[in-house]
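Remarks on the structure that follows.
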Number of protein chains: 2
Amino acid sequence: MKSNVTMKDIAKKLNVSSVTISKALNDKEGVSDELKEKIKDLADKMGYRYNTLAKSMKDGKSYNVCVIIPERYTGMTQSFYLKIYQSIAQILEEKGYYGIIHILPSDDEDNLKLPRIYHERRVDGFILLGQPKREYIELMQSIDMPLVFLDFYDENNNVDAVITDNFYGAYELTNYLIRQGHREIGYIGNLFSTSSIQDRFLGYYKSLLEHNIHLNQDYIISDRDERGVFIEFDLPKQLPSAFVCNCDQVAHLLIEKVRKSGYEVPKDCSVVGFDNDIYATLTTPNLTTVEVHIEEMAKNAVKFICEKMDDASATFGRVAVKGKIIYRDSVQKIK
Amino acid sequence: MKSNVTMKDIAKKLNVSSVTISKALNDKEGVSDELKEKIKDLADKMGYRYNTLAKSMKDGKSYNVCVIIPERYTGMTQSFYLKIYQSIAQILEEKGYYGIIHILPSDDEDNLKLPRIYHERRVDGFILLGQPKREYIELMQSIDMPLVFLDFYDENNNVDAVITDNFYGAYELTNYLIRQGHREIGYIGNLFSTSSIQDRFLGYYKSLLEHNIHLNQDYIISDRDERGVFIEFDLPKQLPSAFVCNCDQVAHLLIEKVRKSGYEVPKDCSVVGFDNDIYATLTTPNLTTVEVHIEEMAKNAVKFICEKMDDASATFGRVAVKGKIIYRDSVQKIK
DNA sequence: CTGAAAGCGCTTACAG
DNA sequence: CTGAAAGCGCTTACAG
């Protein structure tokens, strides 16, 4: 099992050149099938392991794609980031690349420090998973490497981004509430915190507009500050019959609050969330929410980054991947 | 910003050899300070990035350490794995290594398939984070690469493992309950599922023994099957005054169950958890539990793997890192 | 079908 | 203090 076996070692035993070994092991033209077989067998027997570092150097490619996740997201939506990373890594592997997670420390984000992997040329492209601050985005764009945004976008329109269709998801969810007879519908979320929250709000708003429902400002409630930290909020004096929450976690908090005020969910007040994360089934009642299509998002992100690594001029723009409404018990039909 | 600048390019501009560039950039002996400065400046100006792949090849080392996490853990204890990975990666970086996560698909675990990174010689050592099945452990041991177990161990005693001090943590927690006046104390957990659960049970048991409290088998309740999937369980006919749970998540489930039976926590029944994960503060009342010392565990694991990469014969055995009891509101003093 | 030569970007060991 | 030579393990382009 000792494994410093090289192609040369195999070549020597077979009295051929290492070029022939290379060809055989890579299933290239120019080696007789017989010899090819023999080489492969012997390679197995000798415990040969292909040294991709050598190939990397020859090609001038690392075959690594770095997935950058700003630190502050790693506590939050829990398994989402790990799950989507898993998907990404798996698809990358099929294409011969490695995925490498880099959790971006908040300090490095503030000091505009790029990951070491960049400075050491061990990466061919970046997937930015989760929105860092603007200056960091600009930095990432300035280094002129293949780059794809995942799960957020920037108003800057020369970037490629894969996002959940937040707008459409919230729109559909609100339509559903209205079909269930609701007319007084609130929205929970800081509209200026992230593009996701803003777009979800706009989807909600579009649904109201289409149904001729007035947008009541008292029903729009901020849940976090602009850095994304949750803040205390009050319920409106008069409770609407339903709330659209920008995420499941805040739906969870809202339901606790509503309950403490002496109301029941969904009897007195319906609630819908977004994300279908752990909070969706942790909350009583379980939340009606939107499930993000993780695999589809990963697949797109990988496709984009791979094509950009092959052809630096490739562009894709913004792609929104549709989610799926999961109906559970947090909405009550009213008349 | 174009970056195919090599040492040779810098050398040419300065009319020196690339050996000199290498020495200067690596702060080695044998270059005048003057020239060193000049080289560094020019390197910066030209946007030079060190190519570590070349060094890797020269050294015959990848400078990568792969952290393997069995897939089934990635859904579970949520942020724990990502957090400890973050710690690991950071400490590895200080030592000049890269951390690479490999989420081990259950299929690969069953089929005893090693990660591609191994076959392609892109890794110098493995940290196994979370317990895979025995055959996979044996496979990992057979390939003769530096290997450290993290957060679990195996009865096999020739392995190096870093774990939380489950035994001591549960022991202390139970002592605390007894100090609060409890004598009837149950334990929730399948004793045959993982070494952690078993050790926590034994710590609990030791505390009972030391206080001359009889172990009542009716109070030992299994919470999951042997593959770790949660199962339904019933409360004992007569409720003890307190429960030690093998983890916060099951403490959460237990409290719901107790409440549904018409009892209050902690008034009628005290509960303690383990892990201090998201469930600890999600549950009402917030849980008294043990916080795992993530950084200390990461630090040890990295220290071990690095020393083993330097010296294959180094061994460390099993190291248990003490956790810390977090006192919250789920325990009531009784007399 | 097979292989000698050159090169990927760096470093080490040696000579000057 | 400085550099020519050789080598890490592979592949490409070319010649036979």
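Convention: sequence-line order gives letters A, B, ...; per-chain numbering from 1.
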Subject >> Under the side-chain hydrogen bond (donor to acceptor under 3.5 Å, both in side chains) test, residues paired with A:K133 that sit two or more places apart >> reply: A:D110
**OP:** Mind checking side chain to side chain contact (heavy atoms under 4.5 Å, CB included) for B:S106 and listing every partner two or more places apart, or none if nothing turns up?
**Re:** B:E71
Subject >> Any side-chain donor near an acceptor of the partner, A:S56 and B:R122, under 3.5 Å >> reply: yes
Subject >> Smallest separation among heavy atoms of A:K95 and A:K303, with atom names >> reply: NZ-CA, 4.3 Å
Subject >> 5' priority, DNA chain D, between B:V19 and B:D59 [closest heavy atom] >> reply: B:V19
**OP:** Identify, with sequence neighbours excluded, every residue that meets side chain to side chain contact (heavy atoms under 4.5 Å, CB included) alongside B:I100.
**Re:** A:I100, B:N64, B:I117
Original post:
Which part of the nucleic acid does B:G60 contact within heavy-atom distance under 4.0 Å: base, sugar-phosphate only, or nothing?
Top reply: nothing
Original post:
Which pairs pass ring-ring contact (aromatic ring centres under 6.0 Å, His included) with one or both residues in residues 20-47 of chain A, sequence neighbours excluded?
Top reply: none
**OP:** With a 4.0 angstrom cut-off to heavy atoms of chain B, pull out the first and last contacting nucleotide of DNA chain C, in 5'-to-3' order.
**Re:** C:dG9 to C:dT12
**OP:** Return the stems involving DNA chain C, sorted by first number, where pairs are Watson-Crick (N1-N3 with N6-O4 or O6-N4) or G-U wobble (N1-O2 and O6-N3), both under 3.5 Å, and runs are 3 or more long.
**Re:** C:1-3 with D:14-16, C:5-12 with D:5-12, C:14-16 with D:1-3
**OP:** Taking side chain to side chain contact (heavy atoms under 4.5 Å, CB included) as the test, write out the residues that go with A:V321, two or more places apart.
**Re:** A:V162, A:H293, A:E296, A:M297, A:N300
Subject >> side chain to side chain contact (heavy atoms under 4.5 Å, CB included) against B:A314, all qualifying residues, sequence neighbours excluded >> reply: B:K308, B:D311, B:F316
Original post:
Between A:G30 and B:K58, who's closer to the 5' end of DNA chain C by nearest nucleotide?
Top reply: A:G30
Subject >> Pairwise ring-ring contact (aromatic ring centres under 6.0 Å, His included) hits with a residue in residues 88-108 of chain B, at least two apart >> reply: B:Y63-B:Y97
**OP:** Assign A:L35 to base, sugar-phosphate, or nothing according to its heavy-atom contacts below 4.0 angstrom with the strands shown.
**Re:** sugar-phosphate
Subject >> By side-chain hydrogen bond (donor to acceptor under 3.5 Å, both in side chains) - contacts of B:K8 (at least two apart) >> reply: none
Original post:
Who passes side-chain hydrogen bond (donor to acceptor under 3.5 Å, both in side chains) against A:S62, sequence neighbours left out?
Top reply: A:D124
Subject >> First of B:A54 and A:S18 reached from the 5' end of DNA chain D, by closest nucleotide >> reply: B:A54
**OP:** Could you check which residues of residues 21-28 of chain B get a heavy atom under 4.0 Å from DNA chain D? Sort them by number, please.
**Re:** B:K23
